[in-house]
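Remarks on the structure that follows.
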Amino acid sequence: MKTIKIAPSILSADFRRLADDIRRVEDAGADLIHIDIMDAHFVPNLSMGPGIVESIRNVTRLHFDVHLMMDNPQRFLRQFREAGADGLTVHLEIFPDPEEALDEIGALGLTRGLSLNPDMPVRRLSGRLTKVDRLLVMCVYPGFGGQAFIPESLTRIREARDLLDAEGRAQAELEVDGGVNVKNAAAIREAGADLLVGGTAVFGAPSAGEAIRLLRGC
Ligand code: DX5
Ligand code: ZN
């Protein structure tokens, strides 16, 4: 059985003590740290920038999985690398033809991520997966933590899994983000996910360790 990875999203952390919260989830078994970048254009919210990524870089050695929910992310790819990102994920909504942006991320030596929103048909990814190391399926409309998982997303996760396998990209990571919780995690894993993002489910839980174990399913 494959090992499922868990990426707590610091959007739901307590920003008064962000470093402590990151150490807490690392000690609790987190595999990556998911960092949501929002620009108030692509999504109706503002969050963090490279400065915050840089300031938490020395807190942990965990992989920084940076999710770019922003217009024109190409302007910032290098800055996020220099700040300490390990992976950068851009949206298919911004790059209908994502090859160039993915090449730039790869040239920076980072994990190349591509994401799609709930209303973007999975089939649009067909023929566009060769450069994708991490495919992120959004299960809520991006912008806020704590939203409810859109049930139809399970079908989309399965479709994404099938497409990765069909297009010879089975080794790429299938990441699921938005509304993931300890109740729906088993179905999400069964649909073919490799990597689960948990904001509220991890930072809002009484025990991050217990939440991570339940999300991982072992
Ligand atoms: C939503 C972000 C998510 C969010 C997840 O726009 O991309 O990563 O932090 O939060 P939860 O797990 O609470 O839905
Ligand atoms: Zn995210």
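Counting convention: from 1, in listed order, for ligands and their atoms alike. All values reported here derive from a predicted model rather than from experimental measurement.
- The nearest protein atom to atom 1 (C) of ligand 1, hydrogens excluded, is given as Phe144 O, 3.6 Å; this is a heavy-atom distance.
- Among protein heavy atoms, the minimum distance from atom 6 (O) of ligand 1 is reached at Gly143 N, 2.7 Å.
- With ligand atoms numbered from 1 in the order given, ligand 1 contributes 7 (O) to contacts under 4.0 Å with heavy atoms of His67.
- Checked by atom type, the side-chain pair Asp36/His34 shows a donor-acceptor distance below 3.5 Å.
- The pair Asp194-Lys5 does not count as a salt bridge, with every side-chain nitrogen at least 4.0 angstrom from each carboxylate oxygen.
- The shortest contact between atom 3 (C) of ligand 1 and any protein heavy atom is with Asp177 OD1, 3.0 Å.
- For the pair Ile56 and Ile10, the minimum side-chain heavy-atom distance is below 4.5 Å.
- Side-chain contact between Leu135 and Glu175: absent, with no pair of heavy atoms (C-beta onward) separated by less than 4.5 Å.
- Between Arg216 and Ile212 the shortest side-chain heavy-atom distance falls below 4.5 Å.
- By the 4.5 Å heavy-atom criterion applied to side chains, Phe149 and Leu154 are counted as neighbours.
- The closest side-chain heavy-atom distance from Asp14 to Phe203 is not below 4.5 Å.
- Looking at Asp86 and Arg81, no side-chain N of the basic residue comes within less than 4.0 Å of a carboxylate O on the acidic one, giving no salt bridge.
- Of all the heavy atoms of Pro142, the ones lying under 4.0 Å from any atom of ligand 1 are found in both the backbone and the side chain.
- Residue contact check: Leu11 has heavy atoms under 4.0 Å from atoms 9 (O) of ligand 1.
- Close to ligand 1: Gly179, with a non-hydrogen atom less than 4.0 angstrom away.
- The shortest N or O to N or O distance between Gly146 and ligand 1 is below 3.5 Å.
- Residue contact check: Gly178 has heavy atoms under 4.0 Å from atoms 14 (O) of ligand 1.
- Residues Ile35 and Asp65 are not in side-chain contact: their nearest non-hydrogen atoms beyond the backbone lie 4.5 Å or more apart.
- With Leu136, Asp36, Thr89 as candidates, the residue nearest to atom 4 (C) of ligand 1 on a non-hydrogen basis is Asp36.
- The atoms of ligand 1 that sit less than 4.0 Å from any heavy atom of Met69 are 6 (O), 7 (O).
- Ligand 1 has no nitrogen or oxygen under 3.5 angstrom from a nitrogen or oxygen of Gly145.
- Checked by distance only, ligand 1 and His34 come closer than 3.5 Å through their nitrogen or oxygen atoms.
- The nearest protein atom to atom 13 (O) of ligand 1, hydrogens excluded, is given as Thr200 OG1, 2.4 Å; this is a heavy-atom distance.
- Minimum heavy-atom separation, Val66 to Ala85: CG2-CB, 3.6 Å.
- Only protein atoms were considered; those of element N, O or S under 2.8 Å from the Zn ion (ligand 2) number 4.
- Nearest heavy atom pair, residue Val132 against residue Arg134, reads CG1-O, 3.3 Å.
- In summary, the atoms of ligand 1 found under 4.0 Å from a heavy atom of Met38, numbered by their order in the structure, are 6 (O).
- Contact record, His91 with Asn117: CE1-OD1, 3.1 Å, taken as the closest heavy-atom pair.
- A pairwise comparison of heavy atoms in Leu77 and Ala101 identifies CD1-O, 4.3 Å as the closest pair.
- The shortest N or O to N or O distance between Gly199 and ligand 1 is below 3.5 Å.
- Nearest heavy-atom pair across Ala172 and Leu164 is CB-CD2, 4.0 Å.
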